Amino acid sequence: MPDIGNKARQQGGFFARLFRRGGEDESQSHASMSKEDSLAAYIVREHRTGRALDDILEDPYLKNRASDEQRLRLLDRADVIRAVGEDTAAMAAERVRTV
C-alpha cells in the first residue's frame, strides 16, 4: 500500500494546492514580480501609511533603485495614480523634472 501521507506532505496541504496560482508557490510568484512592479507597490504602500508622495520619491530606497526617468514612469502607472491621485502625481512629476 502506498504511503499517501508522505505524498501529501510533499505536495503541500489540500487548500495550499487548491488555491495555488498556476502551479506556483508563494516564493515563485514574488520572484516573478518585476522591478517596476515592486517599486510601484512600494510607492502605494508608503503612501497608504500617510507619507507624502514627494517624500516617497526622494526616499533613498527609491532613488537608489530608479533613475529620474524611471520614477516618472512609475507616476504614469494606473495603480500608482489611483493610489495617490492624478493631481498629486502631476505635481510630483513636475518637481522631479525640475530637480
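What's counted below: heavy atoms across the whole structure, side chains too, no hydrogens, waters or symmetry copies. Note that the structure is a prediction, hence the values are computed from the model and not measured.
- Considering every non-hydrogen atom in both V84 and A89, the closest pair reads CG2-CB, 4.3 Å.
- A donor-acceptor pair under 3.5 Å is absent between the side-chain atoms of K35 and the main chain of A66, judged by distance alone.
- In this structure, Q70 and R65 have side chains that are not in contact, with every pair of non-hydrogen atoms separated by 4.5 Å or more.
- Comment: D68 does not engage R97 in a salt bridge, judged by the lack of any side-chain N to carboxylate O separation of less than 4.0 angstrom.
- Interatomic distance, L39 CG to R77 CZ, rounded to the nearest 0.5 Å: 9.0 Å.
- Scanning for side-chain hydrogen bond (donor to acceptor under 3.5 Å, both in side chains) contacts around R73 gives an empty result, with sequence neighbours left out.
- Residues T88 and I81 form no side-chain contact, since every pair of their non-hydrogen atoms from C-beta on lies 4.5 Å or further apart.
- Of all non-hydrogen atoms in V44 and V80, the two that sit nearest each other are CG2-CA, 4.1 Å.
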Taking only distance into account, with no hydrogens and no angle test, what donor-acceptor pairs under 3.5 Å do side-chain atoms of residues 51-60 form with protein atoms, sequence neighbours excluded?
residue	atom	partner	partner atom	Å
R51	NH1	E46	OE1	2.9
R51	NH1	D59	OD2	2.9
R51	NH2	D55	O	3.2
R51	NH2	D59	OD2	3.2
D54	OD2	R95	NH1	3.4
E58	OE1	K63	NZ	3.0
D59	OD1	Y61	N	2.8
D59	OD2	Y42	OH	2.8

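- Side chains of E69 and S67: a donor-acceptor N/O pair is present below 3.5 angstrom, by distance only.
- Of all non-hydrogen atoms in D79 and A40, the two that sit nearest each other are OD2-CB, 4.1 Å.
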